[in-house]
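Note that the coordinates shown come from a computational prediction; the quantities given were computed from them, not determined experimentally.
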Amino acid sequence: MIRRSILLGTGSALPVRAVSNAELAQTVDTSDEWIVERTGIRNRYIAGEGETTASLGADAARQAIAAAGVAAQDIDLIILATATPDQTFPAAATKVQAALGIDDCVAFDVAAVCSGFLYAVTVADSMIRSGAANRALVIGSETFSRILDWEDRTTCVLFGDGAGAIVLGAEESVDGKRGILAAKLHADGRHNQLLYVDGGPSTTQTVGKLRMRGQEVFRHAVVNLASVLREVMDVAGLSTDEIDWLVPHQANARILDATARKLKLSPDRVVVTVDRHANTSAASVPLALDVAMRDGRIKMGDLVVLEAMGGGFTWGACVLRL
Ligand code: UT7
């Protein structure tokens with residue numbers, strides 16, 4: 001028998017306040033035209049008072065648990081991917097655990113910035129396949145608005161807040177055709193200064209602000225995303241023609257177009273939400289996945305590829321059959 005992690009349900013949560021490019025242009029030296037042309041972003045959500053990474057994560061988790069049709073108490077593992085936790089410690093995952101009323105489980109955060117959700121899913125899948133967990137809640141949740149330099153128009157227009165979550169469950173089958181079929185992660189720490197936060201408890205004792213050299217990140221993103229997608233499909237023994245849906249990290253519509261072109265993948269098979277959510281870092285892939293599951297695009301039996309690239313650099317991809 002082959003033991004695999006099956007996708008049981010998805011969920012998402014957004015802050016109440018939506019902010020359009022036009023609204024942003026009232027306080028930032030930018031324009032709707034520039035943002036749409038260079039990034040494809042039209043809107044983002046900004047967390048208000050009381051809306052935090054853990055509270056958004058818990059809301060997304062409740063939806064995912066309901067969609068999965070399982071009891072919260074049956075969750076034995078929570079992994080939350082974030083670069084913007086409520087507190088330096090304890091992990092935001094433990095706040096979500098308490099909010100969901102789960103008495104006992106394994107709960108921890110993963111820090112891999114925009115690739116965080118891919119890292120979290122890969123760890124959860126390994127724990128499920130090894131027998132260390134049976135039902136995992138995997139969350140990507142961020143409040144990047146709180147680490148943006150609102151005086152820096154080259155970064156502050158690009159990001160938004162939100163959360164997405166999935167429930168994975170162990171399933172044993174003879175053919176192992178469903179579930180997570182392959183995952184591949186990478187990191188290259190030499191690129192720290194291209195995308196980073198200029199503060200932290202052990203250096204400045206402050207939270208710091210996001211800094212990015214956008215053009216250089218862009219170039220690396222297209223190359224790394226295309227290569228890790230090919231690599232993960234090779235590991236799964238599948239061809240890119242077999243992909244029903246690509247759910248990529250939502251940083252820039254031009255990156256999504258360029259990656260799809262490089263892979264000769266039809267744009268119709270790429271889930272795009274960057275226009276409405278902007279870049280929500282670790283939340284972007286599960287948010288986009290939830291949108292496409294709920295609007296009926298992704299169906300049972302579909303072959304779905306998740307992929308992301310972000311600060312570190314870190315990048316990764318994962319193939320699953322629903
Ligand atoms: O999530 C992690 C991964 N992150 C990414 O993948 C982000 C990757 N990078 C990008 O998406 C793009 O590089 C950006 C959207 C950040 C920038 O787009 P770009 O086409 O590379 O623009 P640029 O940085 O070359 O800037 C072009 C011009 C500059 O003016 P000059 O020097 O040509 O006169 C900028 O000052 O656009 C100007 N500019 C702006 N203008 C209006 C930069 N930001 C803005 C702005 N509004 N917000």
Side-chain angles (χ1 to χ4, degrees), residues 24 28-30 34-35 38-41 44 53 80-85 87-89 91-92 109-120 122-123 140-162 184-229 231 248-256 258-259 262 274 277-285 307-317:
L24 210 56
V28 179
D29 178 19
T30 189
W34 189 93
I35 301 173
R38 301 292 179 121
T39 71
I41 297 166
R44 77 280 296 137
T53 291
L80 189 148
T82 192
T84 48
Q87 298 157 280
T88 302
F89 80 82
D109 289 358
V110 156
V113 207
C114 299
S115 320
F117 187 73
L118 269 300
Y119 270 69
T122 305
V123 174
S141 185
E142 302 277 18
T143 44
F144 258 48
S145 63
R146 302 208 165 117
I147 55 162
L148 293 175
D149 175 354
W150 290 97
E151 307 281 307
D152 175 11
R153 68 174 184 173
T154 68
T155 54
C156 74
V157 304
L158 305 173
F159 295 90
D161 302 333
K184 198 70 210 158
L185 299 175
H186 291 278
D188 183 348
R190 288 172 299 179
H191 299 296
N192 179 294
Q193 292 300 300
L194 297 185
L195 177 51
Y196 65 104
V197 165
D198 62 5
S202 183
T203 49
T204 57
Q205 296 87 55
T206 62
V207 172
K209 299 283 183 220
L210 181 147
R211 308 288 170 208
M212 176 165 73
R213 302 223 307 255
Q215 276 194 0
E216 284 160 83
V217 177
F218 190 109
R219 275 197 295 275
H220 282 277
V222 176
V223 173
N224 290 342
L225 288 171
S227 77
V228 76
L229 190 142
E231 191 184 1
H249 172 48
Q250 310 283 323
N252 186 323
R254 289 190 293 136
I255 295 179
L256 305 186
T259 312
K262 230 174 149 70
V274 67
H277 300 151
N279 181 346
T280 57
S281 181
S284 94
V285 169
E307 68 165 4
M309 136 98 195
F313 290 145
T314 55
W315 65 103

### Query
Can you tell me how far the OG1 atom of Thr122 sits from the CG atom of Leu185, to the nearest 0.5 Å?
4.0 Å
Using a 4.5 Å cut-off on heavy atoms from C-beta on, say whether the side chain of [Y] contacts that of [X].
X	Y	value
Asp198	Thr204	no
Trp315	Asp188	yes
Arg254	Arg38	yes
Arg211	Lys209	yes
Val228	His186	yes
Val113	Phe313	no
Val28	Cys156	yes

Might you point out which heavy atoms bring [X] and [Y] nearest each other, and give the distance in Å?
X	Y	answer
Ser281	Glu142	OG-OE2, 2.8 Å
Trp150	Ser145	NE1-O, 3.2 Å
Ala283	Gly162	CB-O, 3.3 Å
Leu195	Gly311	CD2-N, 3.5 Å

### Task
Check the pair Leu158 / Thr39 against side chain to side chain contact (heavy atoms under 4.5 Å, CB included), numbers first and verdict last.
CA-CA 8 Å; Leu158 305 173; Thr39 71; 3.5 Å; yes
### Task
Using salt bridge (charged side-chain N to carboxylate O under 4.0 Å, His left out) as the criterion, list what pairs up with Arg153, not counting sequence neighbours.
Asp29
### Message
With no hydrogens and no angle check, just 3.5 Å: does a side-chain donor-acceptor pair link Thr53 and Thr143?
### Response
yes
### Message
Set out, in order, the CA-CA distance, both residues' side-chain angles and the distance that settles side chain to side chain donor-acceptor pair (under 3.5 Å) for Asp109 and Thr82, then state yes or no.
### Response
CA-CA 7 Å; Asp109 289 358; Thr82 192; over 6 Å; no
### Task
Run the numbers on Ile147 and Val207 for side chain to side chain contact (heavy atoms under 4.5 Å, CB included), then give the verdict.
CA-CA 7 Å; Ile147 55 162; Val207 172; 3.7 Å; yes
### Message
Restricting to side-chain contact (heavy atoms from CB on, under 4.5 Å), what partner residues turn up for Leu229, sequence neighbours left out?
### Response
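Expected list: Met233, Thr240, Ile243, Leu246, Leu263, Val305, Glu307.
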